[in-house]
Amino acid sequence: MCSIMGFMGKSISLEEFKDHFDKTISRGPDMQQINCYGDVILGFERLAIMGLSPEGMQPFECHGNAVVCNGEIYGFRPIKKELEKEYTFISESDCEILLPMYEKYGVEMFAKLDAEYACIIYDAKKNTLIAARDPIGIRPLFYGYTAEGEIMFASEAKNLVGLTDKIMPFPPGYYYADGEFVCYRDMTAVKEVSQDDLETVCSKIHDKLVAGIEKRLDADAPVGFLLSGGLDSSLVCAVSAQILKKPIRTFAIGMSTDAIDLKYAKEVADHIHSDHTEIIITKEDVLAALPEVVHILGTFDITTIRASIGMYLICKAIHETTDVRVLLTGEISDELFGYKYTDFAPSAEAFQEESAKRIRELYMYDVLRADRCISTNSMEARVPFGDLDFVEYVMSIDPEKKMNKYNKGKYLLRHAFEGDYLPYSILMREKAAFSDAVGHSMVDYLKAYAEEKYDDAAFEAGCAKYDYVKPFTKESLLYRDLFEQFYPGQAEMIVDFWMPNKEWEGCNVNDPSARVLSNYGASGV
């Protein structure tokens with residue numbers, strides 16, 4: 001990951017800008033550069049992944065314009081080759097193509113990118129800032145305004161705390177230009193429902209996911225893989241091992257007392273012959289990490305915080321003990337193919353609407369978790385299930401085929417990879433939430449800690465402090481109080497708690513864990 005920040009105006013000094021930009025230096029520990037262009041300040045903190053030479057440092061400049069980008073531009077080489085007819089490149093960085101693209105296509109460039117990115121462009125001729133974010137929101141970007149109405153952008157909310165009264169997430173799939181936010185690509189808008197038969201659907205799922213994984217293996221820095229032993233991360237690891245034709249480095253985490261994932265992760269690692277590492281954590285590790293996890297996440301959401309504890313600790317261990325700089329993960333499969341609770345969807349239309357809602361909100365939940373847990377440990381996250389071509393196709397599949405009509409959730413994905421990729425037992429393993437599968441005790445410890453912290457009177461008084469997205473359990477109050485310590489008055493960055501669709505029969509629950517659903521079954525064993 002890298003960190004970017006931009007501001008246009010006179011009310012923030014260069015020194016104040018730097019003080020706030022330094023809060024995310026772990027995202028880009030290799031080098032920091034802050035440049036001024038009149039009333040514009042652009043900052044870049046680099047984690048070198050593609051084009052490791054000093055020439056790959058940003059901001060990139062061309063004809064008075066400048067750009068900073070936190071991103072990976074997939075398939076950039078053909079674009080670069082075409083642009084070389086008019087432009088001389090100085091580095092091997094994928095992001096150097098952005099300014100020539102802007103000069104050639106203007107804001108239409110953003111719809112042409114196959115990328116996970118957030119960028120800020122200074123247009124010298126117009127003396128203005130343009131910003132954009134990828135259509136899923138895999139790379140973070142926030143914005144706000146000064147009291148004078150001057151706009152600012154930054155990779156993380158923590159950069160903007162104290163500079164603006166209201167920090168807002170930059171909407172995925174939008175660009176900002178001429179004072180307006182414009183949607184350039186909505187991944188949930190289905191132009192035409194696919195009429196492919198089941199086998200054709202599964203064949204395309206296979207080929208498009210393999211292509212999405214393959215392009216994300218392109219890095220000039222060491223690559224590793226998070227492996228839970230669940231379907232999604234196991235597929236990413238198994239396909240990668242076949243593509244690379246050499247042992248990959250896999251990492252799994254679990255509680256010392258009741259880890260569920262570890263045994264399945266080892267089974268996958270043995271099958272694909274990976275260089276496998278297990279990280280064991282304790283109750284003390286979990287509780288000690290909690291405040292820092294809330295700080296790095298910038299959320300009070302229960303599910304996100306629970307799932308981030310294990311992810312933060314495994315990434316911390318990888319950072320401290322290896323040279324890995326890129327981590328591939330299995331996020332975004334659930335939003336496309338279904339959760340445990342979507343087995344209760346009352347209709348195909350309802351299933352599709354729920355999937356679209358989850359895709360639109362990903363940037364506040366799962367991809368936020370992946371980005372922060374990995375980037376705060378100075379590594380880059382890559383998410384193959386978020387490949388734009390893959391997501392667009394899966395969203396176009398007739399939702400009747402995506403519903404659980406085969407007595408097995410995510411059947412299309414499972415069927416697509418039948419063969420020698422994974423042991424059949426792993427391919428058909430029931431879904432278990434990551435926070436639960438690290439060990440049921442982890443969530444139990446967090447709940448118990450909250451119970452100890454608040455008696456009933458303190459709980460009532462604590463909940464009464466908040467009007468927006470009120471806490472409803474002692475655990476949720478604990479997380480909200482921690483959030484307010486780090487991001488006072490900024491709760492509107494998160495629209496709500498991630499919860500199953502309570503309007504559906506069987507889903508009106510008060511805990512986001514799949515453990516409370518009647519169909520959890522063998523998920524937790």
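Keep in mind that the numbers below use all heavy atoms, side chains included, and drop hydrogens, waters and symmetry copies. None of the values given here were measured: they were computed from a predicted structure.
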I'd like to check [X] versus [Y] (side-chain heavy atoms, cut-off strictly below 4.5 Å). Are they in contact?
| X | Y | result |
| --- | --- | --- |
| Met101 | Leu99 | no |
| Leu217 | Ile243 | yes |
| Lys401 | Val201 | yes |
| Cys315 | Leu327 | yes |
| Ile120 | Leu42 | yes |
| Met311 | Arg372 | no |

Check the surroundings of atom [atom1] in [X]: do more than 12 heavy atoms from other residues, nucleotides or ligands lie under 6.0 Å from it?
| X | atom1 | value |
| --- | --- | --- |
| Glu92 | CD | no |
| Lys23 | NZ | yes |
| Lys316 | NZ | no |
| Lys215 | NZ | yes |
| Tyr174 | OH | no |
| Asn407 | CG | no |

Should [X] and [Y] count as an ion pair when the cut-off is N to O under 4.0 Å?
| X | Y | answer |
| --- | --- | --- |
| Glu361 | Lys357 | yes |
| Arg216 | Glu72 | no |
| Asp366 | Arg369 | yes |
| Asp232 | Lys410 | yes |
| Lys208 | Asp389 | yes |
| Arg382 | Asp218 | no |
| Glu108 | Lys112 | no |
| Arg185 | Glu392 | yes |
| Asp334 | Arg358 | no |
| Arg429 | Asp261 | yes |

For Gln32 and Asp22, what are the C-alpha separation, side-chain angles and deciding distance, and is it a side chain to side chain donor-acceptor pair (under 3.5 Å)?
CA-CA 9 Å; Gln32 183 189 78; Asp22 284 347; 2.8 Å; yes
Are any side-chain N or O atoms of [X] and backbone N or O atoms of [Y], one a donor and one an acceptor, separated by less than 3.5 Å?
| X | Y | value |
| --- | --- | --- |
| Asn65 | Ile121 | no |
| Ser233 | Ser228 | yes |
| Thr376 | Ile296 | no |
| Lys263 | Gly229 | no |
| Asn70 | Ala118 | no |
| Arg133 | Tyr175 | no |
| Ser355 | Glu335 | yes |
| Ser375 | Asp371 | yes |
| His271 | Asp420 | yes |
| Gln58 | Cys69 | yes |

Distance check, rounded to the nearest 0.5 Å: [X] atom [atom1] versus [Y] atom [atom2]?
| X | Y | atom1 | atom2 | result |
| --- | --- | --- | --- | --- |
| Ile272 | Leu244 | CD1 | CG | 10.5 Å |
| Leu47 | Ile374 | CG | CD1 | 11.5 Å |
| Ser91 | Phe60 | OG | CZ | 4.0 Å |
| Leu336 | Lys402 | CG | NZ | 7.5 Å |
| Asp197 | Asp398 | CG | CG | 12.0 Å |
| Tyr74 | Asp387 | OH | CG | 8.5 Å |

What are the two closest heavy atoms between [X] and [Y], and how far apart are they?
| X | Y | value |
| --- | --- | --- |
| Arg139 | Ala381 | NH2-O, 3.7 Å |
| Val210 | Phe417 | CG2-CE2, 4.0 Å |
| Phe44 | Pro59 | CB-N, 4.4 Å |
| Phe385 | Ile332 | O-CG2, 3.9 Å |
| Glu96 | Thr88 | OE2-O, 4.4 Å |
| Cys237 | Ile248 | O-CD1, 3.4 Å |

May I ask you to check whether [X] and [Y] show a side-chain donor-acceptor distance below 3.5 Å?
| X | Y | answer |
| --- | --- | --- |
| His276 | Thr250 | yes |
| Thr188 | Asp186 | yes |
| Tyr363 | Asp134 | no |

Using ring pair (Phe, Tyr, Trp, His ring centres under 6.0 Å) as the criterion, point out the one residue from Tyr176, Phe21, Phe142 that pairs with Phe153.
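So the option named by the test is Tyr176.
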Determine, using ring centers only, whether [Y] and [X] are less than 6.0 Å apart.
| X | Y | value |
| --- | --- | --- |
| Tyr87 | Phe89 | yes |
| Tyr411 | Phe337 | no |
| His206 | Tyr421 | yes |

Side chain to side chain donor-acceptor pair (under 3.5 Å) between Ser3 and Glu156: does it pass, once the steps are laid out?
CA-CA 8 Å; Ser3 184; Glu156 292 193 26; over 6 Å; no
Evaluate the side chain to side chain contact (heavy atoms under 4.5 Å, CB included) criterion for residues Ile318 and Thr277: first the C-alpha distance (whole Å), next the side-chain angles of each, then the deciding distance (0.1 Å), finally the verdict.
CA-CA 9 Å; Ile318 294 169; Thr277 300; over 6 Å; no
Does Arg249 form a salt bridge (charged side-chain N to carboxylate O under 4.0 Å, His left out) with Asp323? I'd like the steps, not just the answer.
CA-CA 11 Å; Arg249 299 172 76 175; Asp323 63 349; 2.7 Å; yes
Step by step, work out the side chain to side chain donor-acceptor pair (under 3.5 Å) result for Glu45 and Ser26.
CA-CA 9 Å; Glu45 290 164 340; Ser26 64; over 6 Å; no
Working note: Glu354 + Tyr341, criterion side chain to side chain donor-acceptor pair (under 3.5 Å); need CA distance, chi angles, decisive distance, verdict.
CA-CA 11 Å; Glu354 190 72 8; Tyr341 83 86; 2.5 Å; yes
